[in-house]
Amino acid sequence: PGREVALAYLSGNGFDMFEEDGDDILIAYAKDSEWEEDGYRETLSSLREFAQVEVGENWVKSENWNAKWEANYEPIDVEGKIMMRAPFHDPPASGLDVIIQPEMSFGTGHHPTTWQMMHAVYHLNITDRVVLDMGCGTGALAIAAKKLGASKVVAIDNDEWSYRNTLDNIRRNDIQHGIDSYLGDARKLSALEVMFD
């Protein structure tokens with residue numbers, strides 16, 4: 001619980017990127033120009049009132065994080081049937097090619113749930129079907145469904161990053177028509193008046 005409180009407090013002191021290392025370590029990053037030292041020190045004092053806190057501080061040189069990410073980002077192969085890849089990877093020799101630049105969204109295939117859903121979509125007969133990708137993240141499943149012959153696909157996410165990322169990925173896959181993407185939640189469904197297969 002202390003880590004969750006620390007994350008909330010530090011967010012107010014200029015820290016905007018966090019990672020967890022094990023069960024009891026929180027690594028927080030702030031730009032030199034944005035962190036507030038006084039607020040940071042007060043935060044540490046507040047945290048020490050109810051939790052045991054050990055702090056290590058380190059200045060990190062700015063890097064091209066995107067290039068570092070690209071160097072370690074592997075394409076995902078779904079049984080040789082579908083390749084989920086970033087735009088900088090070579091296209092597959094055969095099978096379905098799904099180009100995904102994840103940015104700040106979930107759904108690259110590196111998490112088992114996305115791989116499993118992609119596998120399921122491939123094995124369903126969705127030709128000429130109307131498909132819903134609810135909580136679309138990167139739009140990977142919506143894009144795969146359209147490429148597999150769905151007549152219409154609706155992709156919805158309540159996160160603006162995901163909504164915009166889905167639109168970008170639809171363009172990356174050169175899909176001109178057939179995927180409608182919306183920013184919203186399940187309430188959006190009643191307004192669409194679409195019957196899904």
Side-chain angles (χ1 to χ4, degrees), residues 7 11 16-19 64-197:
L7 194 148
S11 294
D16 60 0
M17 214 165 70
F18 301 89
E19 71 182 279
N64 183 341
W65 295 108
N66 196 48
K68 194 170 185 178
W69 170 79
E70 288 184 5
N72 296 307
Y73 183 84
E74 293 295 323
I76 300 300
D77 183 354
V78 181
E79 296 182 334
K81 311 288 188 197
I82 302 174
M83 178 72 74
M84 278 182 283
R85 65 178 182 91
F88 52 83
H89 292 125
D90 293 330
S94 63
L96 195 67
D97 185 22
V98 178
I99 305 166
I100 298 298
Q101 180 84 26
E103 296 173 9
M104 301 284 284
S105 307
F106 177 83
T108 62
H110 290 86
H111 191 278
T113 56
T114 308
W115 188 98
Q116 291 165 352
M117 287 301 298
M118 193 68 77
H119 180 267
V121 166
Y122 182 84
H123 290 285
L124 291 170
N125 179 10
I126 60 172
T127 302
D128 297 326
R129 303 287 179 126
V130 180
V131 175
L132 171 65
D133 184 357
M134 190 73 201
C136 58
T138 60
L141 295 172
I143 291 163
K146 184 60 187 164
K147 288 187 171 189
L148 288 167
S151 61
K152 179 180 180 65
V153 180
V154 173
I156 301 175
D157 206 298
N158 63 1
D159 175 70
E160 187 166 354
W161 281 103
S162 295
Y163 164 70
R164 293 185 185 284
N165 191 206
T166 294
L167 293 176
D168 290 341
N169 286 328
I170 290 169
R171 283 190 287 274
R172 282 185 184 95
N173 284 272
D174 199 28
I175 296 173
Q176 309 296 323
H177 306 286
I179 301 179
D180 296 332
S181 185
Y182 299 97
L183 176 62
D185 56 24
R187 290 172 291 192
K188 197 78 179 166
L189 294 172
S190 58
L192 296 177
E193 298 179 2
V194 175
M195 293 294 295
F196 297 100
D197 295 303

Closest non-hydrogen atom pair, Ser181 against Ile170: CB-CD1, 4.5 Å

Heavy atoms of other groups near Lys147 NZ, more than 12 under 6.0 Å: yes

Shortest non-hydrogen contact from Ile175 toward Lys146: CG2-CG, 4.1 Å

Under the side-chain hydrogen bond (donor to acceptor under 3.5 Å, both in side chains) test, residues paired with Glu193 that sit two or more places apart: none

Test applied, side-chain contact (heavy atoms from CB on, under 4.5 Å); reference residue, Val98; option that passes from Ile82, Ile76, Leu141: Ile82

Candidate pair Met195 and Val130, rule side chain to side chain contact (heavy atoms under 4.5 Å, CB included), full reasoning: CA-CA 7 Å; Met195 293 294 295; Val130 180; over 6 Å; no

Ring geometry between His119 and Trp115 (parallel below 30°, tilted from 30 to 60°, perpendicular above 60°): parallel

Nearest heavy-atom neighbours spanning Asp77 and Gly80: OD1-N, 2.7 Å

Interatomic spacing from CD in Glu79 to CE in Met118 - rounded to 0.5 Å: 12.5 Å

Atom CE of Met117 with >12 non-hydrogen neighbours under 6.0 angstrom: no

Heavy-atom donor-acceptor pair, Asn169 side chain to Arg172 backbone, under 3.5 Å: no

Residue among Asn125, Val131, Ile126 satisfying side-chain contact (heavy atoms from CB on, under 4.5 Å) with Leu148: Ile126

Salt bridge (charged side-chain N to carboxylate O under 4.0 Å, His left out) contacts in which one or both residues fall within residues 84-100, not counting sequence neighbours: Arg85-Asp97

Separation between OG1 of Thr138 and CD1 of Ile99, rounded to the nearest 0.5 Å: 12.5 Å

Closest non-hydrogen atom pair between Tyr182 and Tyr163, with its separation: C-CD1, 3.5 Å

Reported CG-to-CZ distance for the pair Leu132 and Phe196, which is rounded to 0.5 angstrom: 4.5 Å

Exercise: identify the closest heavy-atom pair between Thr166 and Ala155: CG2-CB, 4.2 Å

Asp157 side chain vs Cys136 backbone, donor-acceptor pair below 3.5 Å: yes

Rounded distance (nearest 0.5 Å) linking atom CG of Asn158 with atom CE of Met134: 7.5 Å

Spacing of CG belonging to Asp168 relative to CG belonging to Asn173, to within rounding of 0.5 Å: 11.5 Å

Point-to-point distance, once rounded to the nearest 0.5 Å, from CD1 of Ile143 to CZ of Arg171: 10.5 Å

Least distance between heavy atoms, Ile179 atom then Ala142 atom: CD1-O, 3.7 Å

Residue pairs involving residues 111-133 (criterion salt bridge (charged side-chain N to carboxylate O under 4.0 Å, His left out); sequence neighbours excluded): none

